[in-house]
Amino acid sequence: MYLKSIFLIKYRTKTMAECEWMYSGWSRKQGPSDDWIENTNKFLDRAFSMPNVVEDGTIKCPCATCRNFLRQTRLTVEMHLCRAGFKDNYRIWTAHGEGVDSTYVEGGHDDAFCETDHMDEMLATIAGGHPPPIDDQPPAYAKAFYRMVESADQLVHESTTHSSLSGMARLLALKAQYNMSIAHFEANLELIHELLPPESKLPKDFYQSKKLFEGLGMAYVKIDVCYNNCMLYYKDNESEDKCDVCGTSRYEDGSSKVPRKVLRYLPITDRLQRLYLHEHTAQLLRSHYPSKSGKMVHPCDGEAWQQFDKDFPDFKSDPRNVRLAFATDGFTPFGLMAAPYSCWPVFVTPLNFPPCTIMKSEYIFLAHVIPGPEHPGKKLGILMQPLVDELMSLWEGVDTWDASLKKTFKMLLAYLWSVHDFPAYGNFAGWSTHGRFACPVCLCDTKAFTLRYGHKACWFDCHRRFLPRGHQFRFQSNAFRKDTVVLDEPPRILTGEEIYAQMSKFVGDTKTYGKLHNWTHVCGLWQLPYFPKLLLPHNIDMMHNEKNVAEVIWNTCFDVPGKTKDNVKARKDLADICNRPSQHLKLKANGKWDKPRAPFCINKD
């Protein structure tokens, strides 16, 4: 370790001039110099000798195409470096065992183009998708993808390191970033072509630019929506001119074909299939196995995943079958000072990836953009119908090319659960999370009550029914609510079939709403044939709850004026439901209330 530390320090303290061979000895027009070849071999010898750099016989490729995003074998790295050279400004070998010294970091990207430069990672991933020679032929969509990949090797002209694919990817990213019109984009392209040599390979217009990327499968569908979110003009209703529910016109007043509201839907099938077109990613999608430590380190260690495997053994039999998680929430896209507008994106992410990769941003797909200006509320299920229809077809399977095994297989996909904050949970699940029936697990079998003075739902002392039958807390009549002993059993967890029957019975029954149930609508996911079998179809994002609870505890313990929950109404409710006379309010001679200091409050002194 000592000799290794000296070795690393030596490389950390190298001067910038010592790395000039990386760029001065290589040129695209002529072969690399002998000095460049010698130093490159030393660089690779060093990199492949370090255990913390090598993974399964591969290292991060520092060529100008892979840019340290992809791992390659030594032979592939040598070929890439000879063909494309080292990536720009890679004088500190941070991806190959060398420490970062801020004094040697040069330049950097302009903040205005930081989002555009995210294209590098996508292009590097695409560049690694070259299929090796095989006997079995990939399907048409895979061939289209690989044709696009081949354009990554086609340089715009001889005096640049940019390919047609990378150059056009950056231009299209700029178009999106700065909201260019098509005419503006094509005018820029025309000027760029005037500056380029006549034999340049850059597409000449917007149409050709889009055709270059057709292998990505990034199409999206525009679906007209009733302005009040009552229905979609979709499938059998595609030709309708007004809403069948509320009678609202489909189009703007005085306009023949300008819709009042449009839903954007981005199909997920092509993007999930594309994950298997890259050999390394295809291997990652198969690498989910229960932990042997007895700890939960991956969703497959949870009861919901394992119960699904028991109920559907055919689905479990192939580890390449994909389980999906959904998430959605509303946000205001125009800033806090703009007019109120609530837009709801719906995201989908595969859960098959190993713990180090799962939930990374590159594997989270946007599936829906639900427009405002109002939040969808209980009509969210109507607006998600295109995604539900696609999930139903994916449950039957879709032919997918596996680049790691060089063969086609039938990939099945299943929805496993969703993750939301508590209000969005209610919109997604169809059970209102307001009032004393807010708990979506206990449903109507709850001991919650409404405070007499605070006028809010309260779940105080609802936890004792979950304790073991002989627990001493159950029999303490004044430790919680006064004169109360708890002998009740915890609420029974209903099966999916029982929940659906209850939902079908009560949805639309406004007379019993809030009295016998909190059902608002039937979620569209119940159309999935396996949905009633799901053990945990919806989850709460604990981040929001932890933040809210922590803020309440902090403000109450420090008795922050205006924010503490230990107020006059709370003390009145305390006297009503608990036997704690030392904490009751006392009326002073001047007519004001005296609030005794609570023992949980922190003394300011």
Side-chain angles (χ1 to χ4, degrees), residues 3-101 103-108 120 123-124 126-130 132-133 149-167 196-197 199-201 280:
L3 292 176
K4 182 178 179 181
S5 300
I6 295 176
F7 184 74
L8 291 176
I9 292 172
K10 175 182 176 182
Y11 273 88
R12 285 193 183 102
T13 56
K14 70 182 187 297
T15 63
M16 300 296 287
E18 290 177 341
C19 292
E20 287 304 317
W21 62 266
M22 299 170 65
Y23 307 100
S24 62
W26 181 88
S27 173
R28 190 174 294 276
K29 294 182 179 180
Q30 57 187 11
S33 64
D34 294 338
D35 181 61
W36 185 90
I37 295 175
E38 180 181 357
N39 285 312
T40 299
N41 282 324
K42 290 180 180 179
F43 166 82
L44 294 177
D45 290 340
R46 171 186 175 276
F48 277 94
S49 68
M50 304 183 70
N52 61 326
V53 174
V54 181
E55 182 180 316
D56 296 331
T58 65
I59 65 170
K60 291 184 177 181
C61 181
C63 75
T65 301
C66 295
R67 298 177 181 241
N68 286 333
F69 289 120
L70 290 178
R71 306 188 73 90
Q72 309 286 4
T73 62
R74 174 155 186 163
L75 179 60
T76 305
V77 173
E78 290 177 355
M79 294 174 59
H80 284 195
L81 290 175
C82 289
R83 184 179 63 183
F86 285 90
K87 62 173 289 190
D88 293 339
N89 295 323
Y90 191 53
R91 292 174 173 82
I92 307 298
W93 302 335
T94 54
H96 299 88
E98 186 169 317
V100 179
D101 189 342
T103 59
Y104 293 135
V105 177
E106 291 188 342
D120 293 341
L123 296 172
I126 290 175
H130 287 281
V149 168
E150 292 174 358
S151 65
D153 297 328
Q154 185 182 45
L155 297 179
V156 177
H157 57 83
E158 294 182 355
S159 301
T160 182
T161 59
H162 270 298
S163 66
S164 301
L165 188 69
S166 65
L196 293 176
E199 66 277 6
S200 64
K201 303 296 191 298
H280 180 62

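FYI, side chains are in, hydrogens and waters are out, and symmetry mates aren't considered; it's all heavy atoms of this structure. We're numbering straight along the sequence, starting at 1. All values reported here derive from a predicted model rather than from experimental measurement.
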Subject >> Asp34 CG: over 12 foreign heavy atoms closer than 6.0 Å >> reply: no
**OP:** Taking the side chain as every heavy atom from C-beta outward, state whether Asp45 and Arg74 have any pair of such atoms under 4.5 Å apart.
**Re:** yes
Original post:
Taking the side chain from Trp36 and the backbone from Met22, do they hold a donor-acceptor pair closer than 3.5 Å?
Top reply: yes
**OP:** Could you check if a side-chain atom of Glu78 sits within less than 4.5 angstrom of a side-chain atom of Asn41, using non-hydrogen atoms only?
**Re:** yes
**OP:** Go through the structure and list residues passing side chain to side chain contact (heavy atoms under 4.5 Å, CB included) with Ala95, not counting sequence neighbours.
**Re:** Lys60, Asn68, Tyr90
**OP:** With sequence neighbours excluded, tell me which residues meet side-chain hydrogen bond (donor to acceptor under 3.5 Å, both in side chains) with Asp56.
**Re:** none
Original post:
Counting N and O atoms only, with roles assigned by atom type, does the side chain of Ser24 sit under 3.5 Å from a partner on the main chain of Glu20, one being a donor and the other an acceptor?
Top reply: yes
**OP:** Nearest 0.5 Å please: distance from the CZ atom of Arg46 over to the NZ atom of Lys42.
**Re:** 13.0 Å
Original post:
Do the side chains of Val54 and Ser49 get nearer than 4.5 Å, heavy atoms only?
Top reply: no
Subject >> Atom pair CH2 (Trp26) and OG (Ser33), whose distance is rounded to the nearest 0.5 Å >> reply: 12.0 Å
**OP:** Would you please test Gln72 and Ile59 for side chain to side chain contact (heavy atoms under 4.5 Å, CB included) and show each step?
**Re:** CA-CA 6 Å; Gln72 309 286 4; Ile59 65 170; over 6 Å; no
Original post:
What residues, two or more places apart in sequence or in another chain, satisfy side-chain hydrogen bond (donor to acceptor under 3.5 Å, both in side chains) together with Asp35?
Top reply: Asn39
Subject >> Pairwise ring pair (Phe, Tyr, Trp, His ring centres under 6.0 Å) hits with a residue in residues 40-62, at least two apart >> reply: Phe43-Phe86, Phe43-Trp93, Phe43-His96
**OP:** Report the residues that fulfil side-chain hydrogen bond (donor to acceptor under 3.5 Å, both in side chains) with Thr76, sequence neighbours left out, ordered by chain and then residue number.
**Re:** Thr73
Subject >> Minimum-distance pair of heavy atoms, taken over all atoms of Ala64 and Ala84 >> reply: CB-O, 3.5 Å
Original post:
By side-chain hydrogen bond (donor to acceptor under 3.5 Å, both in side chains), which residues pair with Thr40, not counting sequence neighbours?
Top reply: none
Original post:
Does the Tyr23 side chain pair with the main chain of Lys87, one donor and one acceptor, at a distance under 3.5 Å?
Top reply: yes
Original post:
For the residue pair Pro62 and Val77, what are the closest heavy atoms and their distance?
Top reply: CD-CG1, 4.0 Å
